[in-house]
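Here's the structure, in structure tokens; my notes come after.
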There are 2 protein chains.
Amino acid sequence: MAAKSEQTRQLVADVALKMFREIGFEKTTMRAIAQEAGVSVGNAYYYFASKDELVQELYIQVQDEHAVAATKALEGVQDLAGRLKTVLHTGIDVMTPYHQFGSDFISTAIRPTSPVNPFGEASTAARDASLAIFRSAVDGASPAVAKKLRADLPELLWLAYMGVALFWVYDKSEGQRRTRKLIDGAAPLVARGLSLAKIPGVSKVFDDVLGLVRTVKEDA
Amino acid sequence: MAAKSEQTRQLVADVALKMFREIGFEKTTMRAIAQEAGVSVGNAYYYFASKDELVQELYIQVQDEHAVAATKALEGVQDLAGRLKTVLHTGIDVMTPYHQFGSDFISTAIRPTSPVNPFGEASTAARDASLAIFRSAVDGASPAVAKKLRADLPELLWLAYMGVALFWVYDKSEGQRRTRKLIDGAAPLVARGLSLAKIPGVSKVFDDVLGLVRTVKEDA
DNA sequence: ACTCATTCTTGAACACGTTCAAAAGTGCAA
DNA sequence: TTGCACTTTTGAACGTGTTCAAGAATGAGT
């Protein structure tokens with residue numbers, strides 16, 4: 001029997017996500033969710049320990065959509081700039097229905113104790129999934145990315161992606177036009193910048209950057 | 001008469017900041033502030049429209065301290081790497097008493113409607129003050145920074161500083177050792193990276209980066 | 001059919017940030 | 001002194017996220 005329990009859980013989650021999309025984070029109160037779902041407030045809390053955990057539900061779903069959309073869109077795109085653009089654009093695509101919700105999300109997510117914190121423990125799975133998208137974007141590129149960069153690049157790009165997401169949240173231009181522009185401009189620049197790694201004088205700086213990144217990551 | 005009113009305002013602010021420092025943001029309730037200050041809750045709200053505005057008070061104070069400390073510490077430091085290090089380290093210095101408070105602060109600050117949002121209207125003054133520190137760090141450097149970079153660099157460094165601050169918030173190492181390491185490593189790297197602007201192949205990439213920055217900033 | 005441990009559900013209660021009508025205080029003009 | 005407008009102060013009340021003791025429902029073992 002497919003757990004009556006699981007049904008209730010799904011119901012609450014579905015109602016919550018729908019309300020987040022339609023009326024925003026703050027106006028979606030736990031009481032409203034419960035009422036709309038036809039359960040008691042306490043019951044919603046039986047399945048989700050906090051409002052933040054409902055946000056986590058949304059986060060995971062958006063992440064999944066991104067993985068699917070990006071994988072599909074990457075087919076046939078060879079060059080790094082194009083692949084990077086693809087991953088970033090599809091990322092923004094799946095987030096778009098939640099744009100008005102974005103600032104509340106980030107505000108929630110940035111709190112170290114939040115289950116949605118992208119750097120935190122609770123979202124290791126989601127982060128790894130997201131990282132995997134960038135890894136595939138890098139690994140599948142031709143001409144290939146310089147070998148010494150290949151290991152760390154996906155993580156750095158993912159970090160940049162967090163920055164783009166932040167930019168997007170603040171982007172009040174229609175359809176978030178500016179964010180799209182930023183992606184279209186930055187992706188080729190990153191690719192070109194990386195190709196400079198062959199120049200001797202530049203190569204050393206790259207090595208040091210990688211060294212620093214590794215050092216700082218290490219003694220966490 | 002130095003306004004009894006102003007005295008109350010100061011009292012509330014002082015008590016609040018002290019409590020933020022000592023027991024953190026969440027545990028510092030408006031009721032606790034009021035009680036400790038010997039006023040009613042409503043009275044605290046007469047002077048500060050929200051708890052966020054008390055955070056703004058803190059933000060401004062920290063900013064001021066940073067400006068003073070950085071200006072003093074910059075004396076006699078010539079090279080860009082050193083000057084950058086100085087500004088970043090003094091920035092972390094003045095924030096240190098509030099480290100445990102950091103994540104709540106950022107979580108508050110990142111909300112576009114917050115008076116403390118560093119990108120927002122309400123903190124234009126504070127941001128300009130902070131920007132001025134970076135501008136002076138750049139302008140006072142010798143050997144001088146490439147002319148074409150000089151206009152935009154302070155803003156980009158300020159942005160990087162926001163990133164460092166974010167890193168610091170998450171830095172759980174003792175005394176935030178890792179953040180210090182990051183600063184010591186990154187500052188010379190930035191300086192060296194900028195000096196590459198003279199190399200022809202690199203120069204073009206730099207130009208495009210600046211072009212992109214300006215484009216994206218323009219049609220806000 | 002009858003336990004009874006486990007899972008699920010309820011709604012009242014709590015502390016919080018915030019609001020507001022009303023009271024108290026203040027200072028100046030008549 | 002009295003009157004009056006203005007500023008300051010109060011504390012009860014509201015809606016929020018969250019907790020929890022208590023009760024229902026469920027289902028496996030007898």
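A, B, ... follow the sequence lines: proteins, then strands. Residue 1 opens every chain. Just so it is clear, the model here is predicted, and its values are computed rather than measured.
- Going from atom CE of A:Met30 over to atom C1' of D:dT19 covers 12 Å, rounded to whole Å.
- Across the protein-nucleic acid pair, B:Lys27 atom NZ and C:dG17 atom C1' stand 18 Å apart, rounded to whole Å.
- In this structure, A:Trp168 has its ring center at least 6.0 angstrom away from the ring center of A:Phe105.
- Separating the CD atom of A:Gln35 from the P atom of C:dG11 is a distance of 12 Å, rounded to the nearest angstrom.
- Summary of helix geometry: the two end axes of the helix from C:dA1-D:dT30 to C:dA30-D:dT1, each defined by five base pairs via their C1' atoms, are inclined to each other by 30° (rounded to 10°).
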| request: Could you walk me through whether A:His99 and A:Asp171 pass side chain to side chain donor-acceptor pair (under 3.5 Å), step by step? | output: CA-CA 9 Å; A:His99 184 253; A:Asp171 186 354; over 6 Å; no
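- Atom C1' of nucleotide C:dC8 and atom CD of A:Gln7 are separated by 14 Å, given to the nearest angstrom.
- For B:Glu155, the salt bridge (charged side-chain N to carboxylate O under 4.0 Å, His left out) partners two or more places apart in sequence, or in a different chain, are B:Lys217.
- A:Asp52 has its CG atom 14 Å from the C1' atom of D:dT16, to the nearest Å.
- For the pair A:Ile33 CD1 and D:dT18 P, the interatomic distance rounds to 10 Å; values are reported in whole Å.
- The CD-C1' distance, from B:Glu53 to C:dG17, rounds to 14 Å in whole Å.
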| said: For nucleotides 7-13 of chain D, give me one character per nucleotide, 5' to 3': B if any protein heavy atom sits under 4.0 Å from the base, S if the only such contacts are to the sugar-phosphate, - if neither. | reply: SBBBB-B
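- Pairing each heavy atom of A:Ala16 with each of A:Leu54, the nearest pair is CB-CD2, 3.8 Å.
- Taking 4.5 Å as the limit, every side-chain heavy atom of B:Phe206 sits out of range of all side-chain heavy atoms of B:Leu210.
- Between B:Phe134 and B:Leu153, every side-chain heavy-atom pair lies at or beyond the 4.5 Å cut-off.
- Atom-to-atom, CD of B:Glu26 to P of C:dA15 comes out at 16 Å; the value is rounded to the nearest Å.
- Two residues are said to be in side-chain contact when any heavy atoms from C-beta on lie closer than 4.5 Å; A:Lys181 and A:Asp184 fail this criterion.
- In terms of heavy-atom proximity, B:Leu212 sits nearest to A:Ala186 at CD2-N, 3.5 Å.
- Note: A:Tyr98 and A:Phe20 fail the aromatic proximity criterion, with ring centroids not under 6.0 Å apart.
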